[in-house]
Amino acid sequence: MAFTCFRCPVSFLHEISDAFRNSFLFLSHPARQPRKKGLASLRRIGNAPDMRIITWNINSLRLRMPLLARLCQDTAPDMICLQETKVPDALFPMEDVRALGFDHVVFRGMKGYNGVAILSRQPVSVLEDTPDWCERGDCRHIAVRHGTGAAAIDVHDFYVPAGGDIPDPVENPKFAHKLAFIEEARHWFSAQDMRRTVLVGDLNIAPLEHDVWSHRQLLKIVSHTPPETEGLLKWQHTGFVDAMRHFVPASEKLYTWWSYRNRDWRASNRGRRLDHVWITPDLQPALRGMEVLRDARDWDKPSDHVPVIVDLDV
DNA sequence: ATGGTGGCAACGCCA
């Protein structure tokens, strides 16, 4: 890649136009597996949804490929939005991902850090007209259109900068970058005419009091400081509603991340809700269920984030 | 108040 190109290239699996090959591919993959009973607690009503989307900061796709396979077996998602894939595009494990039944994959990765990917069972097309946030060439956002015409749904997958340790934009350039990122995102989305849009990802901010284990003790901790939480809510209010809080009242604790640095994450339960699912209000009637897969935090060599599942009847 | 762990990639960064 030329040094002058700050934009990471978007790579995607070429559509296979031949009908015979399509049907062969379809048959060569296991049919969509039944939803497993382990999700009995899923906050939903009725039978299988039309579309199950999962967002997960996987913290290295290649290292945790077996966990991704398990996630698919257990939950049979239609689409998975990953963050922190930590894999350059040239090394993306396309064959492994296809073997899980995702024939339509888009990704934007770089060496060592960041990286996002969307895995889909059904065709998607990349939304090309998205900014290079803060002109960094970071791989922190990718978006697709699923379906066509009036039934189309746009899905944005974000990995917001963590922001370092010191909550001061003057002292800490990483914190300044984080604030600039969410401000730029707010501006961009406020200018969009959004319909049937889902925004998911690791937004690295826990905006509500009960999105953290101790509101008082975390007010000066990056991820829960007022400039971040206010900035994130302003971004959300450009046209989204919080789909997770649609199911879990704001008065109830809700976390998606537990630090590696806690000896017993479940006992101490010092969690934060850093991962989010937002939808435009026209999709609110389609909301069928949501689940934070807490058990994934105890899988072998876990990510510090757990998957969040949302079911839509679209 | 401090330090605790993990991934990547190379003996330090980032989270």
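Side chains included, hydrogens not; waters and symmetry mates left out as well; all remaining heavy atoms used.
Going from the C1' atom of B/dA9 to that of B/dC14 covers 12 Å, rounded to whole Å. B/dG6 sits 23 Å from B/dT2 when the P atoms are compared, rounded to a whole Å. A distance of about 15 Å separates the C1' atoms of B/dG3 and B/dA15, rounded to the whole Å.
Taking the six-membered ring for Trp and thresholds of 30 and 60 degrees, A/F181 and A/H177 have ring planes more than 60 degrees apart, a perpendicular arrangement.
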Checklist line | Letter per nucleotide, 5' to 3', of nucleotides 2-11 of chain B [B base touched, S only sugar-phosphate touched, - untouched; heavy atoms, 4.0 Å] | finding: --BBSSSS--
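Nucleic acid contact for A/R272: none, since no nucleic acid atom lies under 4.0 Å from a heavy atom of the residue.
Partners of A/Q284 according to the side chain to side chain donor-acceptor pair (under 3.5 Å) rule, which considers only residues two or more places apart in sequence or in another chain, are A/H246.
Using a 4.0 Å cut-off between charged side-chain N and carboxylate O, A/R52 and A/D78 make no salt bridge. A salt bridge links A/D211 with A/R273: at least one charged nitrogen is closer than 4.0 Å to a carboxylate oxygen.
Look at CD1 on A/I205: it is 13 Å from P on B/dA15, rounded to the nearest Å. A/N114 has its CG atom 17 Å from the P atom of B/dC13, to the nearest Å. Taking atom CD of residue A/E84 and atom P of nucleotide B/dC14, one finds them 13 Å apart after rounding to whole Å.
Residue pairs that meet the salt bridge (charged side-chain N to carboxylate O under 4.0 Å, His left out) test with at least one member in residues 219-234 of chain A, sequence neighbours left out, are A/K178-A/E228.
Under 3.5 Å, the side chains of A/N57 and A/E84 contain a donor-acceptor pair of N or O atoms.
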